[in-house]
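Before any comments, here is the structure.
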Amino acid sequence: MLDARLIRANPEKVEQELQKRNLSGTLDRFLLLDEERRRILGRAEELKNFRNTASQEVGKLKKEGKSADELMEKVRQAGQEIKEFDDQLKEIETKIEAILLGIPNLPHESVPVGKDESSNLEVRRWGEPRQFEFEPLAHWDIGPNLDILDFERAAKLSGARFVVYKDWGARLERAVINFYLDVHTGQHGYREILPPFMVNSDCMTGTGQLPKFAEDMFKVDGREMYLIPTAEVPLTNLYREEILEAKDLPLYLTAYTPCFRAEAGSHGRDTRGIIRLHQFNKVELVKITTAETSYDELEKLTGNAEKVLQLLGLPYRVVLLSTGDMGFSAAKTYDLEVWMPGYHDYKEISSCSNCEDFQARRANIRYRPAPKAKVQYAHTLNGSGVAIGRTVAAILENYQEEDGSVTVPEALRPYMGGLERISKRA
RNA sequence: GGAGAGAUGGCCGAGUUGGCUGAAGGCGCUCGCCUGCUAAGCGAGUAGACGGCUUAAAACUGUCUCGAGGGUUCGAAUCCCUCUCUCUCCGCCA
């Protein structure tokens, strides 16, 4: 959520920034309603002031045994008017709230301006894509061939866009989860959290999924509960409605969770394999920081995500998203794209964003910079550290051998009972 | 799912015959004094939101907030209704 006072003070500037995100005329209605709100608020408060002072006067008169009937009648009339003004205010404020909740974050000045992903900027590459002496397969062939991924039975259980992991496939998924958590907690200083996988709508509004993207989520029937689309939601909302101490910041949080996405608009993209599923696993990184440090922390967080890919020996590149490709809540986003031989291309495996105070304002996450100082909104960051399923897909494709087996990356072997190679079960 | 108790400031905790109580007291924290250091002691300060004023901030000022929403009243932390959550007991369950 943007700061209403910022919009009021610099409407042209904000409008200009929103145009970078391909929006226009977003603020007109807000400005109109905002002005009306303040007009009515002023009149309502004047009347309330009268009511307060007059009511005290009534008390005094009664104590002195004098008649207060006349004054009481005046206050009663004022009360009627106040009620009318308050009703109007409530209506206007509901509208203003709805508008503000629907406006995306403003891009940071360092973000390239563009309509879509074609304006994204490649920042750096790590690792050399392997040269194969045979035609590498895609993971949706490798997995079923080894009988470690089963799409047909997943469809029987749950339909399209689900997968069943079996044997070493299941073990590999679990190994990657544990490996990532161990690296982030042991080497990068994150606290491990195991949150609920279902949260209420306040959380979803807090991080920006609601009200605009309700159709992307799975809602629990008959309840105001949603399956989390990412651990970013419970991790960031952990501190919703709280005032934090500056000395406790920055907070580094990590969690493994499954993620559930309805993604109504994604039909036809990545229909094969485990790249785009309704349920996938992810280790997420979240930071809650001050305004002063959030951009340094974004670089570090991105580096933390990169580190696990490096340890697995998976080639990747870092891409700075353009204004047209960024998510709703982000001010700046780096995507990590891992090399996928089956695609002959890089595929997104992590998205690291600084949301500045956009989520903090929605979720009311604040901190006190110094013991007596005024509270401020915190800055929130999140990044995949990284997606588990896509990691497994990348391992299958990058480490495949000509005989159909898959070499286990060395870093994962301790998590795989020492296994060096996944071969078909005898 | 059934029965009961509760929800007050950063934390604990008074306040329910409605009226100078945005809220006693304590803890914590900040500043100052005192002290050879530390501790103890003394003094002062210490909620947030939304408006007005201001170039802006501070100061000043108004309104709102004692779980949430609604009601009664000239006036509600205090009375009434609904909801949410927490705790205890019972039931069920991994």
Side-chain angles (χ1 to χ4, degrees), chain A residues 1-13 30-101 194 196-206 220 222-226 234 237-249 251 288 291 357 360-378:
Chain A
M1 190 154 67
L2 301 182
D3 184 357
R5 276 173 297 194
L6 175 79
I7 302 176
R8 194 184 300 148
N10 315 288
E12 315 81 15
K13 178 89 168 69
F30 166 81
L31 292 168
L32 228 69
L33 287 166
D34 181 59
E35 203 183 318
E36 198 183 349
R37 168 177 172 267
R38 277 178 297 153
R39 207 186 65 236
I40 297 173
L41 185 64
R43 293 164 72 182
E45 288 189 352
E46 246 172 74
L47 282 169
K48 284 178 182 174
N49 182 255
F50 165 71
R51 180 175 65 183
N52 289 344
T53 50
S55 293
Q56 282 183 10
E57 190 63 25
V58 169
K60 267 185 206 159
L61 288 173
K62 286 197 166 179
K63 214 171 249 175
E64 293 166 10
K66 297 177 185 166
S67 164
D69 294 356
E70 200 181 320
L71 195 51
M72 280 165 65
E73 181 52 32
K74 275 188 188 164
V75 177
R76 190 175 330 194
Q77 281 170 15
Q80 295 293 319
E81 285 185 70
I82 288 171
K83 191 176 257 181
E84 281 169 36
F85 281 134
D86 278 349
D87 287 347
Q88 288 178 44
L89 270 178
K90 193 186 258 185
E91 203 175 307
I92 291 170
E93 280 169 358
T94 304
K95 288 180 188 165
I96 290 176
E97 174 94 343
I99 292 172
L100 287 179
L101 286 175
L194 184 57
F197 303 158
M198 272 189 229
V199 297
N200 59 32
S201 53
D202 286 341
C203 291
M204 290 300 186
T205 304
V220 179
R223 292 176 185 255
E224 274 307 300
M225 296 281 280
Y226 297 82
N237 277 284
L238 230 35
Y239 296 97
R240 181 158 49 83
E241 309 290 344
E242 291 193 30
I243 298 174
L244 303 163
E245 301 277 351
K247 65 175 168 56
D248 296 330
L249 301 181
L251 294 167
I288 299 177
D357 64 4
R361 187 170 270 111
R362 291 172 158 251
N364 210 17
I365 303 168
R366 295 169 296 173
Y367 72 99
R368 203 177 296 281
K372 281 190 72 175
K374 208 168 165 264
V375 293
Q376 290 185 17
Y377 287 109

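These figures come from a predicted structure and were not determined experimentally. Computation of the quantities below employed the complete heavy-atom set of this structure, encompassing side-chain atoms and omitting hydrogens, waters and symmetry-equivalent molecules. Each chain gets a letter, A, B and so on, in the order the sequences are listed, and its residues count up from 1.
Here Asn49(A) reaches the OP1 or OP2 of U63(B): one of its side-chain N or O atoms lies under 4.0 Å away. Note on Arg38(A): a side-chain N or O is less than 4.0 Å away from OP1 or OP2 of G52(B). The shortest distance between the side-chain N/O atoms of Arg366(A) and the OP1/OP2 oxygens of A49(B) is below 4.0 Å. OP1 or OP2 of G10(B) has not a single side-chain nitrogen or oxygen of Arg368(A) nearer than 4.0 Å.
For Arg37(A), the side-chain atoms get nearest to C50(B) when compared with the rest of C50(B), G48(B), G69(B). When distances are taken from the side chain of Ser55(A) to each of G19(B), G51(B), U63(B), the shortest belongs to G19(B). Considering only the side chain of Lys83(A), G71(B) comes nearest among G71(B), G51(B), C20(B). Distance from the side chain of Lys48(A) is smallest to U63(B) among U63(B), C50(B), G71(B). Nearest nucleotide to the Val75(A) side chain, out of A49(B), G70(B), C74(B): C74(B). The Lys60(A) side chain lies nearest to C20(B) when the options are G51(B), C20(B), G19(B). Listed candidates were G51(B), C64(B), G48(B). Nearest to the side chain of Arg51(A) is C64(B).
For Glu64(A), the CD atom sits in a packed shell: over 12 heavy atoms of surrounding residues, nucleotides or ligands are nearer than 6.0 Å. Sparse packing is recorded around CE of Met198(A), with 12 or fewer heavy atoms of other residues, nucleotides or ligands lying under 6.0 Å away.
Ile243(A) has its CD1 atom 8 Å from the P atom of A49(B), to the nearest Å. Between the CD1 atom of Ile82(A) and the C1' atom of G75(B) there is a distance of 11 Å, given to the nearest Å. For Glu97(A) and C50(B), the CD to P distance is 12 Å, given to the nearest whole Å. Ile92(A) places its CD1 atom 17 Å from the P atom of C50(B), with the value rounded to the nearest Å. Separating the OH atom of Tyr377(A) from the P atom of G48(B) is a distance of 12 Å, rounded to the nearest angstrom. Whole-Å rounding puts the Glu245(A) CD to A47(B) C1' distance at 13 Å. Rounded to whole Å, atom P of U73(B) lies 21 Å from atom NZ of Lys74(A). A straight line from CZ of Arg76(A) to C1' of U72(B) spans 12 Å, rounded to a whole angstrom.
Using a 4.0 Å heavy-atom criterion, one finds that Arg5(A) contacts the sugar-phosphate atoms exclusively. Looking at heavy-atom distances under 4.0 Å, Lys62(A) makes contact with a base. Within 4.0 Å of Asn52(A), counting heavy atoms only, lie sugar-phosphate atoms of the nucleic acid but no base atom. Among the heavy atoms of the strands, none lies under 4.0 Å from Arg43(A). If you check every strand for non-hydrogen atoms under 4.0 Å, Val58(A) touches a base. Residue Leu71(A) is out of contact with every strand shown, counting any heavy-atom pair closer than 4.0 Å.
Met204(A) and Tyr226(A) get closest at one heavy-atom pair: CE-CB, 3.4 Å. Phe30(A) and Ala4(A) make their closest contact through CZ-CB, 3.8 Å (heavy atoms, listed as atom of the first residue, atom of the second, distance).
Rounded to the nearest Å, the gap between the P atom of A5(B) and that of A58(B) is 47 Å. The separation of G15(B) from G26(B), taken at their C1' atoms, amounts to 15 Å, rounded to a whole angstrom. Taking atom C1' in both U72(B) and U82(B), one finds a spacing of 15 Å when rounded to whole Å. Rounded to whole Å, the C1' atom of U65(B) lies 9 Å from the corresponding atom of G22(B). A44(B) and G36(B) have their P atoms separated by 24 Å, given to the nearest Å. For the P atoms, the distance from G6(B) to U61(B) is 39 Å, rounded to whole Å. Distance check on atom P: C64(B) versus C11(B) gives 24 Å, rounded to whole Å. The same atom, P, is picked in G10(B) and in C33(B); the two are 30 Å apart, to the nearest Å.
Side chain of Arg37(A) to backbone of Glu93(A): no donor-acceptor contact under 3.5 angstrom is found. Side-chain N or O atoms of Arg362(A) include one that pairs as donor or acceptor with a backbone N or O of Thr205(A) at under 3.5 Å. In this structure, Asn200(A) contributes its side chain and Cys203(A) its backbone to a donor-acceptor pair below 3.5 Å.
As the counterpart of C53(B), no nucleotide is assigned, since no Watson-Crick or G-U wobble pattern has both distances under 3.5 Å. A 3.5 Å limit on both hydrogen-bonding distances identifies no Watson-Crick or G-U partner for C20(B). For G1(B), the paired nucleotide is C90(B), the pair qualifying as Watson-Crick or G-U wobble because both relevant distances are below 3.5 Å. In a base pair of the Watson-Crick type (N1 to N3 plus N6-O4 or O6-N4) or a G-U wobble (N1-O2 and O6-N3), with each distance short of 3.5 Å, A59(B) is matched with no nucleotide. Remark: C85(B) base-pairs with G6(B); criterion is Watson-Crick or G-U wobble with both hydrogen-bond distances under 3.5 Å. Base pairing of G41(B) is made with C33(B), judged by Watson-Crick or G-U wobble geometry with both donor-acceptor distances under 3.5 Å. The nucleotide A14(B) finds no pairing partner, because no Watson-Crick or G-U wobble arrangement with both distances shorter than 3.5 Å includes it. Judged by Watson-Crick or G-U wobble contacts below 3.5 Å, the nucleotide C64(B) has G48(B) as its partner.
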Would Leu251(A) and Leu238(A) count as a side chain to side chain contact (heavy atoms under 4.5 Å, CB included) here? Give the steps. CA-CA 11 Å; Leu251(A) 294 167; Leu238(A) 230 35; over 6 Å; no

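Between Lys90(A) and Ala44(A), it is Ala44(A) whose nearest contact on RNA chain B lies nearer the 5' terminus. Residue-to-nucleotide proximity on RNA chain B shows that, of Ala54(A) and Arg8(A), the 5′-proximal contact is made by Arg8(A).
Using a 4.5 Å cut-off on side-chain heavy atoms (C-beta onward), Val75(A) and Met72(A) make no contact.
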